[in-house]
Colleague: 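Got a structure for you, questions after.
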Amino acid sequence: GTPRPDPEASGGAGVDLAAEGWRKEKEQLLQVQAYYTETRSKLQEVEAVMAQLRVENEVLLGKQDTFAKTERRLEEAEGIVAQLRKSVSANHKGLEEVVERDSNSRKKLKAAEGMAAELREKNTGLLEVQETYLTTLSKLRETESVGIRLSEEKEVMYAETQ
């Protein structure tokens with residue numbers, strides 16, 4: 001058949017071309033491998049960042065849950081404060097009524113003390129009148145007694161004169 005190329009005649013140029021092609025392929029392969037390694041490294045960095053973000057997201061979700069619970073507690077506390085305000089207001093009104101009743105009671109007490117003082121004065125006056133009456137009554141009895149004795153003596157003297 002066909003004549004074969006002589007390796008000696010064309011061998012240098014053909015081997016050089018093949019070697020050159022192989023070197024270019026190897027270079028491209030090394031570039032692809034470097035790109036792959038770099039990409040894989042970047043992917044690992046991105047995965048690490050994503051893992052960190054997942055952790056931070058879980059933390060934030062926890063904080064969000066805590067925030068929601070805190071907000072509910074705050075609403076409950078505000079409700080309690082509103083009830084306490086109503087209670088304080090009602091107690092204040094009740095206290096005002098008690099203070100007013102106390103004031104009225106104090107006024108009545110002062111009036112009663114004034115009346116008691118007047119009654120003591122009247123009582124002292126009545127005691128003095130009673131003492132005067134008893135003294136006068138005693139003197140009247142003594143006088144009656146003296147009068148009766150004088151009357152008896154007068155009768156005796158009158159009877160002796162008869």
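Every heavy atom of this structure was used, including side-chain atoms; hydrogens, water molecules and symmetry mates were not.
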Colleague: Is a side-chain N or O of Thr37 found less than 3.5 angstrom from the main chain of Gln33, in a donor-acceptor match?
Modeller: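 A pair under 3.5 Å: yes.
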
Colleague: So, taking the atom named CG in Leu140 and the one named CG in Leu134, what distance separates them when rounded to the nearest 0.5 Å?
Modeller: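 The CG atom of Leu140 sits 12.0 Å away from the CG atom of Leu134.
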
Colleague: Taking atom CD as the centre, does Glu131 end up with more than 12 heavy-atom neighbours from other residues, nucleotides or ligands that are less than 6.0 angstrom away?
Modeller: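 It does not: Glu131 CD has 12 such atoms or fewer within range.
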
Colleague: What is the distance from atom OG of Ser87 to atom CD1 of Ile80, rounded to the nearest 0.5 Å?
Modeller: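 Between Ser87 OG and Ile80 CD1, I get 12.5 Å after rounding to 0.5 Å.
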
Colleague: To the nearest 0.5 Å, how far apart are NZ in Lys139 and OG1 in Thr132?
Modeller: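 Separation between the atoms: 9.5 Å.
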
Colleague: Given side chains that start at C-beta, do those of Asp65 and Lys69 come closer than 4.5 Å, heavy atoms only?
Modeller: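 Yes, at least one pair of side-chain atoms sits under 4.5 Å.
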
Colleague: Any chance you could measure Arg40, atom CZ, to Glu47, atom CD, to the nearest 0.5 Å?
Modeller: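 Taking CZ in Arg40 and CD in Glu47, the distance rounds to 9.0 Å.
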
Colleague: Measuring only between side-chain heavy atoms, which start at C-beta, is Leu150 closer than 4.5 Å to Glu153?
Modeller: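 Contact flag for Leu150/Glu153 side chains = yes.
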
Colleague: Please list, chain by chain and in numerical order, all residues satisfying side-chain hydrogen bond (donor to acceptor under 3.5 Å, both in side chains) with Arg149, sequence neighbours excluded.
Modeller: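 For Arg149 there are no side-chain hydrogen bond (donor to acceptor under 3.5 Å, both in side chains) partners, ignoring immediate neighbours.
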
Colleague: Are Glu27 and Gln31 linked by a side-chain donor-acceptor pair shorter than 3.5 Å?
Modeller: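 Their side chains do not contain a donor-acceptor pair, so the 3.5 Å distance test is not met.
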
Colleague: When rounded to the nearest 0.5 angstrom, what distance separates CD in Glu78 from CZ in Arg85?
Modeller: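 Glu78 atom CD to Arg85 atom CZ measures 9.0 Å (nearest 0.5 Å).
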
Colleague: Between Arg23 and Glu20 (salt bridge meaning N to carboxylate O under 4.0 Å), is one present in this structure?
Modeller: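 So Arg23 pairs with Glu20 through a salt bridge.
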
Colleague: Show your working on side chain to side chain contact (heavy atoms under 4.5 Å, CB included) between Leu126 and Gln130 and close with a plain yes or no.
Modeller: CA-CA 6 Å; Leu126 288 175; Gln130 184 180 18; over 6 Å; no

Colleague: Counting only heavy atoms not in Glu100, do more than 12 sit closer than 6.0 Å to its CD atom?
Modeller: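 Not more than 12 within 6.0 Å, no.
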
Colleague: Taking the basic N atoms (NZ, or NE/NH1/NH2) and the acidic carboxylate oxygens, is any pair closer than 4.0 Å for Lys42 and Glu38?
Modeller: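 Salt bridge flag = yes for Glu38 with Lys42.
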
Colleague: Determine whether Trp22 and Lys26 make a side-chain contact, defined as any pair of heavy atoms from C-beta on separated by less than 4.5 Å.
Modeller: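 Yes; the side chains approach each other to less than 4.5 Å.
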
Colleague: Which of these passes side chain to side chain contact (heavy atoms under 4.5 Å, CB included) with Asn57: Val59, Val55, Leu61?
Modeller: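 Only match with Asn57 under side chain to side chain contact (heavy atoms under 4.5 Å, CB included): Leu61.
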
Colleague: When rounded to the nearest 0.5 angstrom, what distance separates CD in Glu118 from CD in Glu113?
Modeller: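 Going from CD on Glu118 over to CD on Glu113, the span is 12.5 Å.
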
